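The block underneath contains the structure these notes are about, expressed in structure tokens.
The structure presented is a predicted model; accordingly, all values stated were derived computationally and were not measured.
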Amino acid sequence: MKEFIGRHNGTMIILPANQKLQYDNVSFLMASKEIDYVCSHSEVMWKNPYTKPLYLLKKYIAVPHARPIARYWYFTSPFALNLRLAVIGTVGYGTVMLYASYGSERPEMGVQFLRSWCHIMFLPQPHISVNNWQQFAIHHILMISGFVFTTLYTSMLKSMLTSGLFEAQLNTLEDLEHSPYPLLTNSYYAELYKGSTSVPASVINNAHIVSNDVIDNSRYNLNANYMYIAYEDLMEGILYQEHLRKVPRLKLIPQSVMDGLFALPVLESLPYLNMLDAYLRRIFECGILSKMKSNAWRDTIKSGIYHLMRYEREEQKPYDLEFYLFAFLLWALGLTLAALCFLLELLRFQLNVYLQFGNKSAYEVILPAREPVVPTLRPNCEEQKLVLTGNFSERALTIIYLEDSQATRMFAYLTSWLWRAQQLQVLIIYPGATTGKLFQLFSHCWHQGMVHILVLLPETQQLYSYMPYPKLELLIMQNTLEYFHRTRGLLWDFHGFEITCGILPSGAPRAFLFRDHRNRVIYAGYMLRMVLDFIEHFNGSIRTHTVETLREANEALTTRVVDFLPYLLAETPNFTGSVVLWHENSFLMAPSARLLPRYMYLLKAFSWTTWLACFCLWSYCSGAWFLLSEGRLNLSAAFLQILRLSLFLSPGEGLVAPPAPRRLLMYSIMTIAGLMLTNLYLAKLSSNLAAGLYDSQLNTFDDLEGTNYKLPQHEVEFNFLRQLPDLHPQLAKRLLLTPEQLVDSYRRDLNTSMLHIGFEDSIEFALYQQKFLRLPLFHKLSKIVYQQPFFMPSAFGRPYLKIFNFYVRRMFEAGILLKMKSDGFGHGIQSGRLRFVNRAWYQEVGSNDLEYYYVAAGVWLSGMFLGALCFGCEYFFGSWNRRM
């Protein structure tokens, strides 16, 4: 209408905002001649004239798009009911057949069920006993079935995670019979749809009647909780908001529910009605109306009525917490069942062991009566008693009746019984105890790391224990509850007790000391920080002890001079360690590829095949030019002319007169070839001068063949590497025995004349110095030399080792250890052990120094020498000919 009014020089007046146009007042406004036309489709209720219809306009129903199912159902969805029954049947078949195939020596049915279940899950089993061909066939059938089922399950699950799973989509009007979504409409259309046979009755009965403003607001925001009915142009404009979304919110049912005429309601006896009809017909037939419709959609976006929805809030997130809810439920159920079975086993099984030392009569007096339900062991010699160590001592309450005559033997046996299990509870019944004897007993227990000791004096019924921090003292307990409070409260507070840490001179980045600019001692290194934070958290104090070599460090741990050694050591029987956090990899650090000598740049612009092709070209063309000259040129002159043309130089006197056609063709070919060769040579040479040319890079152990690099190692590492069965031969033959301090110094100084081997933290510590280099001096080879468990070496008998394990595990899981490691790199720079390398002098490209011109000078000197030689020969032969 705007285009029509503007074309005929008219003026368009829009109804004021205070006179809001509604469905029920259109006829009144037209009867009072306040409006001439309405920019809407003609409605039956208006009973006004309208323009000639252009086409039939259809009404459609927009329904919410299928919503994604709950993500915890993904685990159960890959298999349909028939496949689930097949899995259950296969497991049942395997269980029954395995149980029947064992004959009289049948294990429990549960064992066979677990074996069948492991096969169907395609999991390895620690031990399978196959006694006959029937069992062999059953196991293989189950393994093949497990492979098929697990592969099918994982492929289906991956496909579902990629595309997503959705509820049933509403695609037809018949699907709306059971739709949970209500229809949002006004009272006029609700009455109108009741008389329509195409709209399902259940949709009309479930309609929500609201005002037009609520309907428009809900449709414009694509509220996916309702269904909507509207003409197709309005639906297309509303759904234009989601054309950038991967998963739409609303979807049109392709079946129309009602038809209408595309015509504009106008005032009765409008004088320009015929002109308007003709204009509308022309713009419709020319396709201009479709262009106006698409422009209108973009105008609604610009005006803010519609909004393009770009955020895929309904996209599948297969790895959020909801996705793992089903797996967590199965995991929690399995843990609950396992814990229940474990508790039942504990309640069901109990073993009493009575050990005799010394007086047999006293032993028989305190021995309780035999219990028929509980099995009992009564060993008579110490060799039989030590068999129980490791089998039952992990969850044991040790009760000792101590006599003075057998105290030494009892102490020795108690140390062996609780070796590496010092955290267990021990009750000692000590009739002849005095203060001195109790101090002696507790001193021995503290030296062996046993702190959960409770002594009972039977005559006085008194309970004694001891407090080891900060010095040994006796504690009188009123009851066992006070004893357990002491265990948790007092023993987790060190009260300033000193814990000794050994420090190696080559311990960086794990442990090293230095003084800052304020002359304060800084404890650096991530392993040392682990111990220091543990000590500070439990109110202890640290004392450092310097050990010079690894051999001294092992001796210090063996003799318990130090409590912790923040260093990566191979596990030996001489000391224990904390919990293993990860496996540390040992890598090889090799020098990066070096720059080639600069005099090679003039030769390296072409490969040897290109140079060979050039020489063949010069030889062939020289011969051809010599033959074409018909005796006017000798072979040398022909070679020089071809060389000048190939170097894109002036041909000289050869082109003073127009040459013959064949010679002209030769000139043209050689000139073009010379242009290509010289440009190619200059381009390659310029590129080489800008980037530099390097030797071949050492990327694998096999690349070391032909190099003269040595691998310095200290004595302990040298002997360890030589004993490795799978050590690469290129590394084995390069091992060089070197003092420990020099090995660490070579690595930290980035000595490029040799190779370096070390654990990943030491390699990263040394390579941290070259972080500002454009071209690094060293690089780490990706191949692992060997692996070693990462743990904190500790002396035997340390009662706080269990607390330390709990503390460092939490530190590792929280990621604090990574922060400590990065801080250690900064401390390495601050302490002077590391220094940033700002310039790699032997890798700088200097293209215009004297070395660069060596080849050019050599070629020039060779030419001068050959020229002088030819001149001398010609002069000699010329003089000889004149004499003759």
Side-chain angles (χ1 to χ4, degrees), residues 595-694 845-884:
L595 283 168
L596 290 176
R598 297 184 183 92
Y599 59 82
M600 299 291 292
Y601 279 48
L602 293 175
L603 300 177
K604 289 291 184 178
F606 281 168
S607 63
W608 67 271
T609 55
T610 307
W611 284 118
L612 182 60
C614 289
F615 281 120
C616 293
L617 174 67
W618 294 335
S619 303
Y620 173 78
C621 292
S622 299
W625 194 251
F626 173 73
L627 295 176
L628 290 175
S629 65
E630 298 177 352
R632 291 189 299 271
L633 295 174
N634 56 21
L635 192 58
S636 299
F639 172 75
L640 290 177
Q641 286 196 9
I642 293 299
L643 184 60
R644 282 192 299 178
L645 291 175
S646 63
L647 294 177
F648 202 60
L649 299 176
S650 172
E653 298 177 356
L655 277 181
V656 173
R662 287 185 292 182
R663 296 178 64 195
L664 180 61
L665 178 62
M666 181 65 73
Y667 271 119
S668 302
I669 293 174
M670 290 307 301
T671 302
I672 295 173
L675 176 63
M676 296 174 60
L677 287 174
T678 52
N679 284 337
L680 178 61
Y681 183 85
L682 291 176
K684 293 291 293 293
L685 182 61
S686 300
S687 176
N688 293 341
L689 290 176
L693 294 178
Y694 297 86
V845 179
S847 58
N848 296 322
D849 57 355
L850 183 61
E851 186 182 3
Y852 170 70
Y853 294 101
Y854 280 175
V855 172
V859 173
W860 178 77
L861 289 175
S862 299
M864 293 292 291
F865 176 75
L866 290 177
L869 183 61
C870 292
F871 175 77
C873 292
E874 288 183 359
Y875 179 78
F876 173 76
F877 286 114
S879 300
W880 186 76
N881 289 333
R882 284 195 299 270
R883 292 176 184 175
M884 293 298 295

Problem - Smallest separation among heavy atoms of Thr678 and Gly674, with atom names - result: OG1-O, 2.7 Å
Completion exercise
Between the CG atom in Asn688 and the CE atom in Met600, the distance rounded to the nearest 0.5 Å is 11.5 Å
Completion exercise
Value for CH2 (Trp618) from CG (Leu645), rounded to nearest 0.5 Å, stands at 12.5 Å
Handout entry: Approximate separation, where rounding is to 0.5 Å, of Leu866 CG and Leu861 CG
Key = 11.0 Å
Practice task
Any chance you could measure Thr610, atom OG1, to Tyr681, atom OH, to the nearest 0.5 Å?
Solution key: 12.0 Å
Practice task
Taking all non-hydrogen atoms of both residues into account, name the closest pair between Lys684 and Ala605 and its distance.
Solution key: NZ-O, 3.3 Å
Practice task
For Ser619 and Phe615, indicate whether the former's side chain and the latter's backbone hold a donor-acceptor pair under 3.5 Å.
Solution key: yes
Exercise for the section: State, to 0.1 Å, how close Ala638 and Ser622 come at their nearest heavy-atom pair, and which atoms those are. Expected result: CB-O, 3.7 Å
Practice task
State, yes or no, whether a side-chain contact exists between Leu617 and Ser646 at a heavy-atom distance under 4.5 Å.
Solution key: no
Handout entry: pair Leu596-Lys604: side-chain heavy atoms closer than 4.5 Å
Key = yes
Exercise for the section: Measure the CG-SG distance between Leu643 and Cys621 for me, rounded to the nearest 0.5 Å. Expected result: 11.5 Å
Problem - CH2 (Trp611) with more than 12 external heavy atoms under 6.0 Å - result: yes
